[in-house]
Amino acid sequence: MIKAITGTKDILPIDIPKWKYLESIVESTMKTFNYKEIRTPIFEETALFSRGIGESTDIVSKEMYSFVDRSGTSVTLKPEMTASTVRAFMEHSLGKQQGLNKLYYVSPMFRQERPQAGRYRQFHQFGAEALGSHEPLIDAEMIILAHRIISRLGLNNIEIKINSLGIPESREKYKIILKEFIKPHFEKLTEDSRKRFDTNILRIFDSKADNDQQIMKDAPLLIDHLDEESLKHFETVKQILDKAKIKYDVDPKLVRGLDYYTHTTFEILSSSVGAQSALCGGGRYNLLAEQLGGNPTPAIGFAAGIERILLACENEKSLNLPEDNIDLYIVRMDKELTAEAYELSVIFRNENINVELDYLSRSVKAQMREANKLNAKFVLLIGGDEYAQKKLVLKNMETSEQIFFDINDLISIKEKIIN
RNA sequence: GUGGGUAUAGCUCAGUUGGUUAGAGCGUCUGGUUGUGGCCCAGAAGGUCAUGGGUUCAAAUCCCAUUACUCACCCCA
């Protein structure tokens with residue numbers, strides 16, 4: 001039997017209410033902050049991601065689902081939304097229509113990694129991107145927005161980490177200082193970290209190996225080598241967060257894996273999921289638009305993993321979903337009345353009443369059991385003596401009360417069901 | 001890509017040191033007097049014990065391989 005591809009999941013009817021609920025929270029919160037939804041294609045030219053995210057990043061170097069289409073173009077299933085959003089922003093000159101564009105999205109993403117708890121090959125993110133402002137106000141808003149959604153979902157065991165990566169000039173200067181510090185310890189580093197020494201030295205801070213952490217414990221920090229303006233920007237962001245009563249920790253070792261980040265970066269972590277504890281990550285990317293061939297555009301955004309968030313909700317039992325039910329179940333007592341029963345269902349469905357009935361020629365008992373299982377508010381019984389006397393029986397399933405209606409008085413039945 | 005764990009009914013799992021026709025709970029279906037749910041009761045259906053090989057008189061059980069799932073590393077949402 002053919003099964004779903006490794007790392008992909010079917011979202012079955014039983015799980016849909018959770019997804020819908022989360023999506024409704026995302027949608028309404030985004031509206032509160034006046035972010036507008038954007039939808040971009042599921043795949044793009046490969047060059048968009050390799051240039052935007054960075055050739056040396058793991059995403060581009062080993063995780064992308066890329067293939068050559070029949071016209072010979074290399075295309076890639078989107079591994080994240082920022083590059084696509086910036087592409088669409090530039091392609092449609094959104095920046096010329098207004099100074100600041102506040103956009104959000106909910107979309108599947110694709111990365112070919114080994115799956116584990118909270119990590120899939122097709123996964124789903126929601127996120128926001130604000131393009132056009134360099135003000136620290138919008139940096140803070142991103143964090144407040146992400147935090148707002150996560151707290152509306154009832155998650156408690158979370159932690160916000162923020163950091164600033166400053167501007168490339170000061171970062172390059174700092175990298176030289178860091179290299180000088182690490183050089184004497186180079187041989188003691190793990191193999192992975194020795195590789196990072198050349199490719200992306202900042203990420204040695206991320207290493208979970210005790211040995212590496214011991215070495216990096218006393219390393220000079222980027223935050224102590226920021227230029228004055230970056231530092232001031234960062235201070236302002238923190239002040240706004242303080243006033244918004246958002247709790248956060250400054251983590252000078254928070255280094256994010258994508259090349260395009262500048263200034264503020266942040267993550268929201270949960271202790272309610274497995275090792276993949278980042279529910280949400282984001283930061284400022286002032287240089288990306290230019291790098292992709294557009295006008296320089298200051299911008300910031302975040303992305304949040306829906307599967308991870310739902311996993312945390314599950315583990316914290318934070319979602320209070322309404323129970324599923326239907327308005328009316330039509331029970332036919334005689335098989336000869338199947339057509340009449342169906343006719344009634346059509347009429348009530350046209351009145352926007354949720355109706356179900358039996359399609360398997362089952363007994364009255366079985367139909368009643370089904371109605372009960374479906375949490376039907378009412379059952380309409382058709383057949384028997386009452387039907388011979390041109391009556392229908394409407395049973396309230398909660399109170400067991402039965403009311404008789406004239407067979408042509410469907411309006412009264414409808415009234416009863418609605419009220 | 002690397003390492004650990006797991007694989008028995010639709011689901012969650014038992015299965016004793018290898019020993020008859022492989023079990024339970026839940027779910028499904030049918031019924032518990034002619035026409036009515038929940039609770040309860042009775043019955044039924046449903047399994048190539050992941051797949052392929054090996055050891056043995058005998059394998060769900062032991063060994064090997066494969067596949068899938070899962071957790072962790074790398075990295076990320």
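These figures come from a predicted structure and were not determined experimentally. Each chain gets a letter, A, B and so on, in the order its sequence line appears, and its residues count up from 1.
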Sticking with atom [atom1], work out how far [N] lies from [M], rounded to a whole angstrom.
{"N": "B:A14", "M": "B:U21", "atom1": "P", "result": "24 Å"}
{"N": "B:U20", "M": "B:G15", "atom1": "C1'", "result": "15 Å"}
{"N": "B:G18", "M": "B:C62", "atom1": "P", "result": "8 Å"}
{"N": "B:U30", "M": "B:G46", "atom1": "P", "result": "16 Å"}
{"N": "B:G3", "M": "B:G47", "atom1": "P", "result": "38 Å"}
{"N": "B:U61", "M": "B:A50", "atom1": "C1'", "result": "16 Å"}
{"N": "B:G10", "M": "B:U66", "atom1": "C1'", "result": "27 Å"}
{"N": "B:A9", "M": "B:U56", "atom1": "C1'", "result": "29 Å"}

Once you apply a heavy-atom cut-off of 4.0 Å, does A:Tyr120 come out as touching a base, just sugar-phosphate, or nothing? base
Do you see a donor-acceptor pair shorter than 3.5 Å between the side chains of A:Glu129 and A:Thr82? yes
Scan side-chain atoms only and decide if A:Arg152 and A:Ser28 contain a donor-acceptor pair under the 3.5 Å cut-off. yes
Report the C-alpha distance between A:Glu307 and A:Lys9 in whole Å, list the side-chain angles of each, state the deciding distance to 0.1 Å, and finish with yes or no for salt bridge (Lys or Arg N to Asp or Glu O under 4.0 Å). CA-CA 10 Å; A:Glu307 284 85 353; A:Lys9 280 264 180 299; over 6 Å; no
If I take atom [atom1] in residue [X] and atom [atom2] in nucleotide [N], what distance separates them, rounded to the nearest angstrom?
{"X": "A:Ile268", "N": "B:C76", "atom1": "CD1", "atom2": "C1'", "result": "16 Å"}
{"X": "A:Ile204", "N": "B:C74", "atom1": "CD1", "atom2": "P", "result": "13 Å"}
{"X": "A:Ile2", "N": "B:A68", "atom1": "CD1", "atom2": "P", "result": "14 Å"}
{"X": "A:Leu12", "N": "B:G10", "atom1": "CG", "atom2": "C1'", "result": "12 Å"}
{"X": "A:Arg203", "N": "B:C74", "atom1": "CZ", "atom2": "P", "result": "12 Å"}
{"X": "A:Asp10", "N": "B:A68", "atom1": "CG", "atom2": "P", "result": "17 Å"}
{"X": "A:Arg362", "N": "B:U30", "atom1": "CZ", "atom2": "P", "result": "6 Å"}
{"X": "A:Ile14", "N": "B:U28", "atom1": "CD1", "atom2": "P", "result": "12 Å"}

Which residue lies toward the 5' end of RNA chain B, A:Arg119 or A:Ile306, if each is placed at its nearest nucleotide? A:Arg119
A:Ala117 or A:Ile59, whichever maps to the more 5' nucleotide of RNA chain B: A:Ala117
Are OP1 or OP2 of [N] and a side-chain N or O of [X] less than 4.0 angstrom apart?
{"X": "A:Lys9", "N": "B:U70", "value": "yes"}
{"X": "A:Arg111", "N": "B:C76", "value": "no"}
{"X": "A:Gln116", "N": "B:A72", "value": "yes"}

Would you indicate whether the side-chain heavy atoms of A:Ile417 and A:Leu394 approach each other to under 4.5 Å? yes
Heavy-atom side-chain proximity of A:Gln276 to A:Gln116 below 4.5 angstrom: yes
Describe, in one word, how the ring planes of A:Phe43 and A:Phe67 are oriented to each other, choosing from parallel (under 30°), tilted (30 to 60°) and perpendicular (over 60°). parallel
Parallel, tilted or perpendicular, as decided by the 30° and 60° cut-offs, for the rings of A:His124 and A:Trp19: perpendicular
For the aromatic rings, using the six-membered ring if either is Trp, is the centroid distance between A:Phe181 and A:His185 under 6.0 Å? yes
Bracket notation of RNA chain B in which parentheses pair within the strand, [ ] cross earlier pairs, and | pairs with another strand (Watson-Crick or G-U, under 3.5 Å): (((((((..((((.....[...)))).(((((.......))))).....(((((..]....))))))))))))....
Base of B:U2, side chain of A:Arg114 - is there a donor-acceptor contact under 3.5 Å? yes
Protein proximity profile, nucleotides 31-42 of chain B - base contact B, sugar-phosphate-only contact S, no contact -, cut-off 4.0 Å on heavy atoms: BB--BBBB-B--
Sorted by chain and residue number, the side chain to side chain contact (heavy atoms under 4.5 Å, CB included) partners of A:Ser361 (sequence neighbours excluded) come out as A:Arg332, A:Lys335
Strictly distance-based, threshold 3.5 Å: is any side-chain N or O of A:Asn315 a donor or acceptor partner for the main-chain N or O of A:Ser272? yes
If you measure from the Lys or Arg side-chain nitrogens to the Asp or Glu carboxylate oxygens, is any gap between A:Lys377 and A:Asp327 under 4.0 Å? yes
